[in-house]
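Working notes, structure below.
Treat the numbers as computed from the prediction; the structure is a model and nothing was measured. A, B, ... follow the sequence lines: proteins, then strands. Residue 1 opens every chain.
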Protein chains: 2
Amino acid sequence: MLIGELSRRTGVHERLLRYYEKQGLLWPERAPSGYRHYQESDIDTVLRIRRLLSAGLNTETIAQVLPCIRIKAGNLVPVCPETTDDLRRQRDRLTHAIEELRASRDLLDAVIAVAPLTLS
Amino acid sequence: MLIGELSRRTGVHERLLRYYEKQGLLWPERAPSGYRHYQESDIDTVLRIRRLLSAGLNTETIAQVLPCIRIKAGNLVPVCPETTDDLRRQRDRLTHAIEELRASRDLLDAVIAVAPLTLS
DNA sequence: CTTGACTCTGACACGGATGTCAGACCCTAG
DNA sequence: CTAGGGTCTGACATCCGTGTCAGAGTCAAG
């Protein structure tokens, strides 16, 4: 599919799809005309990129992660980043943040449970 | 404590402590001189802010979350003037953020789990 | 009082992710 | 062939978190 369709189906601006390519996150095939041709699977990839970006990872880190996700998808990509240490660190960082948020939410739940009594 | 000490004890640049204040994340008392005076508890608050920021939340979102975390510290803060509807909305926001982060972390976990197998 | 460390505000700069536009090329329907 | 929409590259602009600096005020030790 062309970039316009991918943009429509993912809700991600074409500008960003080109940007992600430049950052090494996407490698669509090119027609002789220069047009980008994307696979169906690129839809998932783009959504993954968006998710990881919104989780605070930068494009460089995501570029290290994505090839391994491809492997999981079944494709036998020969290359995989060397250091999972960095990934573990990112994971731990996320875990902390999740715990942080969960504690906040639990607290909020407690407040909500009590609130009707103390407010009304 | 003054801003310099808070900066030293949290490892966060003074510039950022002032910035967080401007974004409504910190509200230190002010001496007549204009000097900021922070509480011990602000250390935890700052570390929380850092963690949430590094998890991809922006200062605006964090500003909505922080007041409810204060309650946990034991203070019966008369702030939090929101109705329970607002609280529920915040809770839902938190839930959504948590799900987002958890999906990202699970993704990382999957990558980490696969990586060693394909490397050795 | 003087000195030096600390703080204040305000401004400019920067990098990363994103928005937008211009000018040129490609492609398909008529 | 033509027209109109899709695509290309490249440049400039914006937002947010952060770095850094200048100039002025504060404060405590000597």
Report the distance from atom [atom1] of [X] to atom [atom2] of [Y], rounding to the nearest 0.5 Å.
X: A/L16; Y: A/I3; atom1: CG; atom2: CD1; result: 9.5 Å
X: A/T10; Y: A/I49; atom1: OG1; atom2: CD1; result: 9.5 Å
X: B/L25; Y: B/Y19; atom1: CG; atom2: OH; result: 8.5 Å

Provide, to the nearest angstrom, the distance between the [atom1] atom belonging to [X] and the [atom2] atom belonging to [N].
X: A/M1; N: D/dT7; atom1: CE; atom2: C1'; value: 16 Å
X: A/L2; N: D/dC8; atom1: CG; atom2: C1'; value: 12 Å
X: A/L52; N: C/dA17; atom1: CG; atom2: C1'; value: 15 Å
X: B/K22; N: C/dA11; atom1: NZ; atom2: P; value: 9 Å
X: B/E5; N: C/dT7; atom1: CD; atom2: C1'; value: 14 Å
X: B/Q23; N: D/dG17; atom1: CD; atom2: P; value: 6 Å

- request: Nearest-nucleotide wise, let me know which of A/N58 and B/H37 is further upstream toward the 5' end of DNA chain C.
  value: B/H37
task: Keeping to residues at least two apart or across chains, list the salt bridge (Lys or Arg N to Asp or Glu O under 4.0 Å) pairs with something in residues 49-60 of chain A.
output: A/R51-B/E100
query: Tell me, which of residues 11-21 of chain A have any heavy atom that sits under 4.0 Å from an atom in DNA chain D?
result: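 Heavy-atom contacts with DNA chain D come from A/E14, A/R15, A/R18.
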- prompt: Is A/R36 near enough to D/dT7 that one of its side-chain N or O atoms lies under 4.0 angstrom from OP1 or OP2?
  reply: no
Does [X] have any salt bridge (Lys or Arg N to Asp or Glu O under 4.0 Å) partners at least two apart in sequence or in another chain, and if so, which?
X: B/D109; result: A/R91
X: B/R9; result: B/E5, B/E40
X: A/E21; result: A/R30, A/R36

task: Report which part of the nucleic acid A/R8 touches: base, sugar-phosphate, or nothing (heavy-atom distance under 4.0 Å, all strands).
output: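 Result for A/R8 = nothing.
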query: Looking at A/L26 and A/Y38, what are the two nearest heavy atoms and their distance?
result: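 Between these two residues, the closest heavy atoms are CD1-CE2, 4.3 Å.
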task: Using distance alone, with no hydrogens and no angle criterion, decide if B/T61 and B/N58 have a side-chain donor and acceptor under 3.5 Å apart.
output: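 Yes, a side-chain donor-acceptor pair sits under 3.5 Å.
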Please write out the pairs of protein N or O atoms and N or O atoms of nucleotides 25-30 of chain C separated by less than 3.5 Å, giving the distance to one decimal.
from, atom 1, to, atom 2, distance (Å)
C/dC26, O2, A/Y35, OH, 3.2

